[in-house]
**Student:** 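One structure coming up, written as structure tokens, with questions to follow.
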Amino acid sequence: MKNIRLAMPSLKDARMRKKKEIPTIYYQMEEKYRKLGVGKTYAVFTYGCQGNEADSEVMAGILEEMGYETAQDPMTADVVILNTCAIRENAEQRIWGVLGQLKGKKRENPDMIIGIAGCMPQEEKTTHKILESYDFIDLVFGTHNKDHLPKLLYQAYMTKAKVVEVLSEEGNILEKAPKKREFHHKAWVNIMYGCDEFCTYCIVPYTRGKERSRKKEDILKEVEELVLKGYQEITLLGQNVNAYGKDLQTGYTFGDLLYDLDRTGIKRIRFTTSHPKDLDEKTIRAMRDCPSVMPHLHLPVQSGDNEILRKMNRKYTVEEYMEKIRLLKESVPGISLTTDIIVGFPNETEEQFQRTLDLVDRVQFEGAFTFIYSKREGTPASLLEDEITEEEKHQRLYRLNEKVNAGYLKGHQRFLGQVVEVLVDGFSKNGDGMMCGYTPHLKLTHFKAQNPDLIGTVVSVKITEAKTWFMIGELCE
Ligand code: 5AD
Ligand code: SF4
């Protein structure tokens with residue numbers, strides 16, 4: 001297959017942080033692309049973080065504006081896009097596996113267009129690998145140019161070539177792009193893009209580029225429109241939401257944004273991800289003062305050892321982290337706290353790992369995403385020597401998870417006998433006559449009901465059983 005290389009990724013360029021204003025562009029589809037998809041189907045597969053989920057909603061929105069319809073069977077769609085994640089090796093392995101399956105499907109339907117988007121193409125090695133050995137992939141684009149999707153698809157159809165456009169320098173802030181949201185009652189709302197933290201293990205600052213905040217007016221307008229449409233809950237998204245506004249240099253901070261969003265009338269506000277270093281008192285005050293800001297915080301700690309935190313370039317100490325936890329618990333009584341933890345950072349000692357276990361005990365997390373450190377090419381940590389065996393890393397993960405899972409259970413047990421408010425998402429997956437949704441503290445709750453009218457409403461549920469991963473209760477009349 002012929003290749004059209006419009007732009008190729010460069011980790012070196014992606015590392016640069018230039019001081020320049022990021023323009024906001026208001027999306028408009030060119031007329032010539034509008035009918036391109038009529039009579040055809042599409043599927044977007046999403047991997048990784050909520051940022052990718054939100055991006056996939058934009059890709060689906062754009063494809064529908066082009067006339068494509070959702071495929072019944074995603075594996076046989078006319079256009080299949082994989083929106084990929086590069087955060088850990090195992091995330092990438094899964095995606096190569098799906099691509100293998102799609103190769104077979106394309107043999108049955110040679111007109112199928114297969115696209116790979118998101119964070120993996122931003123890595124030089126991935127895009128080169130695709131160019132060299134993945135002939136059945138038609139489209140390769142990254143995180144900065146999803147609005148070019150119509151143009152890229154058009155070129156792929158016209159030229160029958162593999163079209164590659166991966167920008168390393170971030171582009172504009174895209175406003176008003178069409179979105180096909182998964183739910184009608186809860187929505188992702190991006191408040192910023194990119195990350196400037198450069199934690200030494202992490203590929204995200206390279207794949208997602210420089211930190212750039214949306215204008216507060218655009219965010220408020222989006223949320224006001226969601227309220228008018230009947231949305232109950234928003235989750236504000238950014239790699240480090242607590243740094244919101246720093247790049248705009250107006251003095252307006254994330255805490256200010258929470259107060260303003262509370263006044264829009266949206267019932268529930270959540271946000272992710274927070275960086276402990278930038279979580280400030282105003283944000284904690286907003287969590288205390290604003291009824292719509294939910295009493296749950298995901299605050300990734302990564303490690304309970306100061307030396308490891310320093311090597312990770314996290315820019316806070318265990319003591320500083322604990323002080324913020326103290327303030328949070330004092331300001332928002334009953335707050336539910338969750339976190340991210342990495343085990344097996346290069347040459348982490350048993351004592352250092354023990355300090356992580358101690359910290360989990362002291363904070364009493366009610367949930368955590370736990371990971372074995374994964375070496376990412378191009379990051380500073382990838383150059384560190386590492387003598388911990390794989391077996392040791394797995395053992396540590398196992399020991400940590402035992403503790404974390406006990407925290408999940410405790411976090412559910414504390415609601416036994418209480419009446420909680422559940423925003424109903426839908427029917428439980430196992431089809432046992434139950435419906436489910438989340439409480440303010442982000443506890444997944446199942447209850448007996450079969451009424452589709454409840455979806456998107458807040459109902460009262462009395463908790464009767466606490467399991468590790470969810471609670472069960474009875475609907476109050
Ligand atoms: N290896 C393991 N976990 C990682 N994370 C980020 N990069 C890596 C890596 N190289 C984890 C961090 C982060 C979460 C989103 O993913 O815990 O908070
Ligand atoms: Fe990665 Fe650190 Fe940025 Fe989070 S804050 S995305 S872990 S570099």
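Numbering of ligands and ligand atoms starts at 1, following listing order.
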**Student:** Does S374 reach ligand 1 with a nitrogen or oxygen that is under 3.5 Å from one of the ligand's nitrogen or oxygen atoms?
**Tutor:**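 Between S374 and ligand 1 (N or O atoms, distance only) the closest approach is under 3.5 Å.
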
**Student:** Could you check whether Y438 and D425, counting side-chain N and O atoms only, form a donor-acceptor pair closer than 3.5 Å?
**Tutor:**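 Per modelled atom types, D425 and Y438 side chains form no pair under 3.5 Å.
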
**Student:** Heavy atoms only: which of I203, D340, I341 is nearest to atom 18 (O) of ligand 1?
**Tutor:**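 The residue whose heavy atom sits nearest atom 18 (O) of ligand 1 is D340.
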
**Student:** I'd like to check which ligand 2 atoms, numbered from 1 as shown, lie under 4.0 Å from a non-hydrogen atom of P205.
**Tutor:**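 Listed by number with element: 8 (S).
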
**Student:** Grab the two heavy atoms, one from E348 and one from I342, that are nearest each other, plus how far apart they are.
**Tutor:**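 Smallest interatomic distance, heavy atoms only, reads OE2-O, 4.3 Å.
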
**Student:** Tell me the contacting part of I87 for ligand 1: side chain, backbone, both, or neither, using a 4.0 Å heavy-atom threshold, strictly below.
**Tutor:**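 Near ligand 1, I87 shows its backbone as well as its side chain.
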
**Student:** Determine whether the side chain, the backbone, both or neither of F371 has a heavy atom under 4.0 Å from any heavy atom of ligand 1.
**Tutor:**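 It is the side chain that touches ligand 1; the backbone stays farther off.
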
**Student:** Compute the centroid of each ring, for F271 and then for F254, and state whether the two points are separated by less than 6.0 Å.
**Tutor:**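 Centroid distance F271-F254: below 6.0 Å, so yes.
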
**Student:** Is C195 close enough to atom 1 (Fe) of ligand 2 to have an N, O or S atom under 2.8 Å?
**Tutor:**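 Looking at C195, which is the residue asked about, there is no N, O or S atom under 2.8 Å from atom 1 (Fe) of ligand 2.
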
**Student:** Heavy atoms only, cut-off 4.0 Å: how does P300 contact ligand 2, side chain, backbone, both, or neither?
**Tutor:**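 Neither part.
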
**Student:** Where is the nearest protein heavy atom to atom 11 (C) of ligand 1: which residue, which atom, and how far?
**Tutor:**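 Atom 11 (C) of ligand 1 sits closest to the protein heavy atom R88 NH1, 3.3 Å.
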
**Student:** Taking the side chain as everything from C-beta on, heavy atoms only, tell me whether T235 gets closer than 4.5 Å to K186.
**Tutor:**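 No, too far: nothing below the 4.5 Å cut-off.
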
**Student:** Under 4.0 angstrom from ligand 1, any heavy atom of T273?
**Tutor:**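 No, that is not the case, since the closest heavy atom of the residue is not under 4.0 Å from the ligand.
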
**Student:** Among S274, C202, G238, which one has a heavy atom closest to atom 1 (Fe) of ligand 2?
**Tutor:**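 Closest candidate by heavy-atom distance is C202.
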
**Student:** Is the shortest side-chain heavy-atom distance between N306 and E319 below 4.5 Å?
**Tutor:**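 A side-chain contact under 4.5 Å exists here.
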
**Student:** Looking only at distances, please establish whether an N/O atom of ligand 1 is found under 3.5 Å from an N/O atom of Y373.
**Tutor:**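 Between Y373 and ligand 1 (N or O atoms, distance only) the closest approach is not under 3.5 Å.
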
**Student:** Without hydrogens or angle criteria, can the side chains of D278 and Y244 be said to hold a donor-acceptor pair below 3.5 Å?
**Tutor:**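 Absent: no donor and acceptor within the cut-off.
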
**Student:** Any heavy atom of R208 closer to ligand 2 than 4.0 angstrom?
**Tutor:**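 Judged by the 4.0 Å heavy-atom criterion, R208 does not count as contacting ligand 2.
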
**Student:** Can you tell me which portion of K375 lies within the under-4.0 Å heavy-atom range of ligand 1? Options are side chain, backbone, both, or neither.
**Tutor:**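 K375 to ligand 1: no contact under 4.0 Å from either part.
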
**Student:** If we count only N and O atoms by modelled type, under 3.5 Å, do the side chains of N313 and T200 hold a donor and an acceptor together?
**Tutor:**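 Per modelled atom types, N313 and T200 side chains form no pair under 3.5 Å.
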
**Student:** Under 6.0 Å between ring centres, would you say that holds for Y134 and F136?
**Tutor:**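 Aromatic pair counts; centres sit under 6.0 Å.
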
**Student:** With a 4.5 Å cut-off on side-chain heavy atoms, are Y193 and I173 touching?
**Tutor:**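 I173 reaches Y193 side chain to side chain.
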
